[in-house]
A.B. asks: 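Take a look at this one; I'll ask things after.
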Amino acid sequence: MPKPDSLQGSLDLLVLKILSRRPRTHGYGIMAAVKQMSGEVLRAEEGSLYPALHRMEEAGWIQAEWITKDTGRRARTYELTAVGKKQLAAEESRWQTVTSAVNRVLRMA
């Protein structure tokens with residue numbers, strides 16, 4: 001059974017939305033944004049986030065770039081592509097459809 005704070009089925013949507021608001025964000029920044037923006041209810045764990053980022057990059061939804069930070073450490077940053085913006089719109093529409101259906105069921109119970 002998934003934990004209440006799991007992102008099952010919504011990780012792509014959340015990552016795409018965060019990158020639409022915060023381009024050139026690195027993985028840790030995405031994890032922090034999910035936690036902070038959800039009021040510390042949701043968490044994106046490394047074990048699910050990085051494979052998802054890799055999959056989204058292969059799909060052409062995001063592009064990655066290695067940068068060197070002021071500290072001298074390298075970080076991989078991500079940003080949406082034009083295809084990713086279209087995917088974000090599709091994911092948001094799908095999410096609205098699903099949540100609306102769940103709400104209808106809850107009101108009937």
Side-chain angles (χ1 to χ4, degrees):
M1 188 166 184
K3 296 184 293 186
D5 60 354
S6 78
L7 301 178
Q8 190 172 16
S10 61
L11 183 58
D12 289 2
L13 171 60
L14 295 175
V15 169
L16 293 172
K17 190 63 172 186
I18 288 166
L19 291 176
S20 76
R21 293 180 176 159
R22 300 179 183 184
R24 297 189 186 130
T25 301
H26 51 77
Y28 181 80
I30 294 169
M31 288 188 288
V34 167
K35 185 176 178 182
Q36 183 261 327
M37 292 171 129
S38 72
E40 301 198 12
V41 173
L42 302 174
R43 282 180 293 199
E45 303 292 340
E46 284 184 45
S48 55
L49 177 63
Y50 287 104
L53 288 169
H54 182 71
R55 182 177 37 76
M56 287 187 260
E57 186 178 7
E58 284 187 340
W61 302 350
I62 62 174
Q63 61 185 18
E65 177 184 6
W66 284 102
I67 62 163
T68 302
K69 299 168 90 176
D70 294 337
T71 61
R73 294 185 68 193
R74 288 174 31 111
R76 191 170 173 114
T77 62
Y78 302 91
E79 65 182 316
L80 283 183
T81 63
V83 173
K85 290 176 185 174
K86 289 179 185 175
Q87 185 63 31
L88 172 57
E91 293 281 335
E92 286 179 318
S93 177
R94 182 191 63 80
W95 182 258
Q96 292 301 325
T97 301
V98 169
T99 57
S100 178
V102 168
N103 283 326
R104 280 194 303 275
V105 171
L106 291 175
R107 283 192 303 270
M108 294 180 136

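This chain uses plain numbering: 1 for the first residue, then up along the sequence.
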A.B. asks: Distance alone, cut at 3.5 Å: any donor-acceptor contact between the side chains of Gln87 and Glu91?
C.D. replies: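 Glu91 and Gln87 do have a side-chain donor-acceptor pair below 3.5 Å.
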A.B. asks: What heavy-atom pair brings Asp12 and Ala52 nearest, and what distance separates the two atoms?
C.D. replies: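 In this case the closest contact between Asp12 and Ala52 is OD1-CB, 4.3 Å.
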A.B. asks: Less than 4.5 Å apart, side chain to side chain, heavy atoms only: is that true for Leu80 and Pro23?
C.D. replies: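 SC-SC contact between Leu80 and Pro23 ruled out.
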A.B. asks: Indicate yes or no: at least one non-hydrogen side-chain atom of Trp61 is less than 4.5 angstrom from one of Val15.
C.D. replies: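 They are not in contact (no side-chain heavy atoms under 4.5 Å apart), so the answer is no.
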A.B. asks: Any donor-acceptor pair under 3.5 Å linking the side chain of Thr77 with the backbone of Thr25?
C.D. replies: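 Answer holds: no.
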A.B. asks: Work out which heavy atom in Leu11 is nearest to a heavy atom in Ala44; give both atom names and the distance.
C.D. replies: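 Reported closest heavy-atom pair: CD1-CB, 4.1 Å.
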A.B. asks: Indicate yes or no: at least one non-hydrogen side-chain atom of Asn103 is less than 4.5 angstrom from one of Leu106.
C.D. replies: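 They are in contact (side-chain heavy atoms under 4.5 Å apart), so the answer is yes.
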A.B. asks: Would a distance-only check, ignoring hydrogens and angles, find a side-chain to backbone donor-acceptor pair under 3.5 Å from Thr81 to Gln63?
C.D. replies: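 Between the backbone of Gln63 and the side chain of Thr81 there is no qualifying donor-acceptor contact (under 3.5 Å).
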A.B. asks: Measuring from Gln96:CD to Arg94:CZ, what's the distance to the nearest 0.5 Å?
C.D. replies: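 One finds 11.0 Å between CD of Gln96 and CZ of Arg94.
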A.B. asks: Check whether any side-chain heavy atom of Arg21 lies under 4.5 Å from a side-chain heavy atom of Met37, and answer yes or no.
C.D. replies: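 With C-beta onward as the side chain, the pair touches.
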A.B. asks: State whether the side chain of Ser38 and the backbone N or O of Val34 hold a donor-acceptor pair below 3.5 Å, judged by distance alone.
C.D. replies: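 Checking the backbone N and O of Val34 against the side chain of Ser38, a donor-acceptor pair under 3.5 Å is found.
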A.B. asks: Suppose we screen for side-chain contact (heavy atoms from CB on, under 4.5 Å). Which residues come up paired with Ala64, at least two apart in sequence or across chains?
C.D. replies: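 If we apply the side-chain contact (heavy atoms from CB on, under 4.5 Å) test to Ala64, skipping adjacent residues, the hits are Glu57, Arg76, Tyr78.
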A.B. asks: Hydrophobic clusters here meaning ILVMFWY residues chained together by side-chain heavy-atom distances under 4.5 Å, can you tell me if Leu19 and Ile67 are in one?
C.D. replies: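 They do not share one cluster, since no chain of ILVMFWY contacts under 4.5 Å joins Leu19 to Ile67.
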A.B. asks: For a 4.5 angstrom cut-off between non-hydrogen side-chain atoms, does His26 reach Ile30?
C.D. replies: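 Not in contact.
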A.B. asks: May I ask you to test the Leu53-Ile62 pair for a side-chain heavy-atom distance under 4.5 Å?
C.D. replies: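 The answer is yes, as the side chains (C-beta and beyond) meet within the 4.5 Å cut-off.
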A.B. asks: Which heavy atom of Trp95 sits nearest a heavy atom of Ser10, and at what distance?
C.D. replies: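 Heavy-atom minimum between the residues: CZ3-CB, 3.9 Å.
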A.B. asks: Check side-chain contact (heavy atoms from CB on, under 4.5 Å) between Arg74 and all other residues, then give those that pass, not counting sequence neighbours.
C.D. replies: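 Trp66, Thr68.
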A.B. asks: Counting C-beta onward and ignoring hydrogens, is there a side-chain heavy-atom pair between Glu79 and Arg22 closer than 4.5 Å?
C.D. replies: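 In short, these two side chains do not touch, never coming nearer than 4.5 Å.
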A.B. asks: If we ignore hydrogens and angles and just use 3.5 Å, is the side chain of Ser20 paired with the main-chain N or O of Lys17 as donor and acceptor?
C.D. replies: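 Yes, the answer is positive, given that a donor and an acceptor are paired below the 3.5 Å cut-off.
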A.B. asks: Under 4.5 Å between any side-chain heavy atoms of Met31 and Tyr28, yes or no?
C.D. replies: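 Met31 vs Tyr28: side chains touch.
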